[in-house]
> 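Here it is, the structure, as C-alpha cells.
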2 protein chains.
Amino acid sequence: MKPPVKKTPVARSRRRDSHRLTPHELELGAFFVQMAGILGVPRSVAQIYALLYAADAGLDFDQIQAKLGMSKGSVSQGLKFLRDHEMILAVKAKGVRRERWEPTPSLAASMVNLVRRQVLPALEQSTPVLQRVLDGAQTTGASPEVLERLSRLKRWNARALELFPLMLPPSPGG
Amino acid sequence: MKPPVKKTPVARSRRRDSHRLTPHELELGAFFVQMAGILGVPRSVAQIYALLYAADAGLDFDQIQAKLGMSKGSVSQGLKFLRDHEMILAVKAKGVRRERWEPTPSLAASMVNLVRRQVLPALEQSTPVLQRVLDGAQTTGASPEVLERLSRLKRWNARALELFPLMLPPSPGG
DNA sequence: GACATGTTTCAATAAAAATTGAACTTAGGC
DNA sequence: GCCTAAGTTCAATTTTTATTGAAACATGTC
C-alpha cells in the first residue's frame, strides 16, 4: 500500500534541476502532485500541469523541459496525457512552429473526466460479472446474507452506471 | 502511468494456488481488485475483502491464507487495513481463540471513509500552501489570469474542506 | 521536395509499491 | 508462570509503474 504520507515528496525533483523553479512553483507543484497521486496520475504529469497553471503565458515544450529538468520523453508523454484529458490547450501563433500550452479553463471538469474515465469502464465491465456471480451463488445455495450482499452490490453497480454519466457532459458535444 | 486496462489482471492469482477459489470467487475478486485499484488499495487487500464478501460465515486467518495462497504477512496486513478502515468485523465464538472475519454491513460507508482519509489531509495541508502561493504571485506581479486561477483554486480548496466532512459521519461517534 | 526543427515512440533503466517469510511478540490454556 | 498457538513486524525481494534517451517520425519553411 502507498505509505500514507510520503517521506520525501520532492526528493526526485530536488535531485534534479528544479532549482530553476521558484519556491512558489515548487509548492504549487507539490500540491498538484499530491492531488494527482490520489487520482493515480504520475508525478511528472502533475508537475507539468502545475507549471502551466502558474505560468503567465503558455509555455512551450523546451521551456517545460528546461524548467522541470525532465526528459523529452516525459514531457511528450505528459503533454499527451494532458491533451487527451483535455486539461491543456495549444495556443499557436501564426508563423511560429512551436506550440505553447495553457491549462483549459475548467480544472473541475478535467478532474471529473479523469475520474469518470477510470470508473465508467470498470462499472460497465462488471455488470455481467455481478449477474453471473449472483446467479452462481443462487445455484450453489449460498446463504441469504450472501445473496443479499451480492444483489445489493449489483443494484449499486446499476445505479452508479446510470448516475455517472450525468456528472458532467462528456467533453465536446456528446 | 497505470496502463488503462490491465493485460493480465489475474496473472498473479493464477500463478499461485487460487485454484482453490471457485470461478465466481475469482470473478468477484477481480471486480473488487479493479475497484480497489482506482482507490489505491492493493490487490491483496481487495482479494481478502472479496473472499469474505462471498463467504457464508466468517473466515479465519488460516482459511484466508489457504484460499488465496498468500503469505502470513500479507494476510495480517490486509486484515489490519480492513479493520482499520472498519470494513470487516471480528466474530468471536467463546472458548475459541481464533477469530473469524466478516464484512461490515455497509460497503458504501467504508468506501467513503477510504476516500476521505486520502483526501482530507491533503486538503488541510494545502490551505496555507495555496495562500502563500497566491500572496507570492501577487507580490511578484503575476498576470490577472494567473491570479484569478490561483484564487479560484484556493476557494475550491476551502469549499471542499467544508463539504467533505459532511459526506458521512466519521466512523463511531465523532 | 529537401532540410531542419520539433515531437513521439519504445526498449532499457530507475523508482516506487506490494509481497514474502522468518524472527519476534502476544494472549490463552494449563 | 510457562508453553504454545496465533498473529505481527519488518528487512529483503519481487512486481509494477514511471522515467529516460536515443532513434524514428512529422511537419512547417525555404
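In the text below, chain A, chain B and the rest are named by the order of the sequence lines, each starting its count at 1.
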> Starting at CD of B/E99 and ending at C1' of D/dA5, how long is that distance when rounded to a whole Å?
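To the nearest whole Å, that distance equals 14 Å.
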
> Under the side chain to side chain contact (heavy atoms under 4.5 Å, CB included) test, which residues partner A/A122, sequence neighbours left out?
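Expected list: B/Q34, B/M35, B/I38.
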
> A/A55: what forms a side chain to side chain contact (heavy atoms under 4.5 Å, CB included) with it, not counting sequence neighbours?
A/L59

> Give me the distances for all protein-to-nucleotides 24-27 of chain C N/O pairs that come in under 3.5 Å?
| unit_1 | atom_1 | unit_2 | atom_2 | d |
| --- | --- | --- | --- | --- |
| C/dA27 | N3 | B/R97 | NH2 | 3.2 |

> Measure the distance from CG on B/D62 to P on C/dG21 and round it to the nearest whole Å.
15 Å

> How many Å lie between CZ on A/F61 and C1' on D/dG21, as a whole number?
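Nearest whole value for this atom pair: 12 Å.
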
> A/L79 has an atom CG; how far is it from atom C1' of D/dA26, in whole Å?
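Rounded to the whole Å, the gap is 16 Å.
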
> What is the nucleic acid contact for B/R83, judged by heavy atoms within less than 4.0 Å: base, sugar-phosphate only, or nothing?
sugar-phosphate

> Take atom CZ of A/R98 and atom P of D/dT27, then tell me their distance rounded to the nearest Å.
16 Å

> Taking atom P of C/dG21 as reference, at what distance in whole Å does atom CE of B/M70 sit?
12 Å

> Would you say B/R83 has more than 12 foreign heavy atoms packed within less than 6.0 Å of its CZ?
yes

> Where the side chain of A/R43 is concerned, which of D/dT8, D/dA6, D/dT19 is the nearest nucleotide?
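Within the option list, the nearest is D/dT19.
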
> Check side chain to side chain contact (heavy atoms under 4.5 Å, CB included) between B/A90 and all other residues, then give those that pass, not counting sequence neighbours.
B/E99, B/W101

> How would you list all residue pairs meeting salt bridge (Lys or Arg N to Asp or Glu O under 4.0 Å) that involve residues 22-40 of chain A, not counting sequence neighbours?
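Checked against salt bridge (Lys or Arg N to Asp or Glu O under 4.0 Å) - neighbours excluded - the pairs reaching residues 22-40 of chain A are A/E25-A/K67, A/E27-B/R132.
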
> Listing request: all salt bridge (Lys or Arg N to Asp or Glu O under 4.0 Å) pairs with a residue in residues 135-152 of chain B, at least two apart in sequence or in separate chains.
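Listed by first then second residue: B/E148-B/R152.
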
> Any N/O pairs under 3.5 Å between the protein and nucleotides 9-11 of chain C? List them or say none.
| unit_1 | atom_1 | unit_2 | atom_2 | d |
| --- | --- | --- | --- | --- |
| C/dC10 | N4 | A/Q77 | OE1 | 3.0 |

> Any salt bridge (Lys or Arg N to Asp or Glu O under 4.0 Å) pairs touching residues 30-40 of chain A, not counting sequence neighbours?
none

> Nearest whole Å is fine: how far is C/dA17 C1' from B/L39 CG?
17 Å

> Please report the distance, rounded to the nearest Å, between CH2 in B/W101 and C1' in D/dT8.
13 Å

> Of all the choices, C/dT7, C/dT20, D/dA6, which nucleotide is nearest to the side chain of B/S71 once you look at every atom?
C/dT20

> Using a cut-off of less than 4.0 Å, is there contact between a side-chain N or O of A/S44 and OP1 or OP2 of D/dT19?
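Checking D/dT19 against A/S44, a side-chain N or O does come within under 4.0 Å of OP1 or OP2.
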
> Indicate yes or no for a side-chain donor-acceptor contact from A/T140 to the backbone of A/G136 under 3.5 Å, with no hydrogens or angles considered.
yes

> Apply side chain to side chain donor-acceptor pair (under 3.5 Å) to B/S151 and list each qualifying residue two or more places apart in sequence or on a separate chain.
none

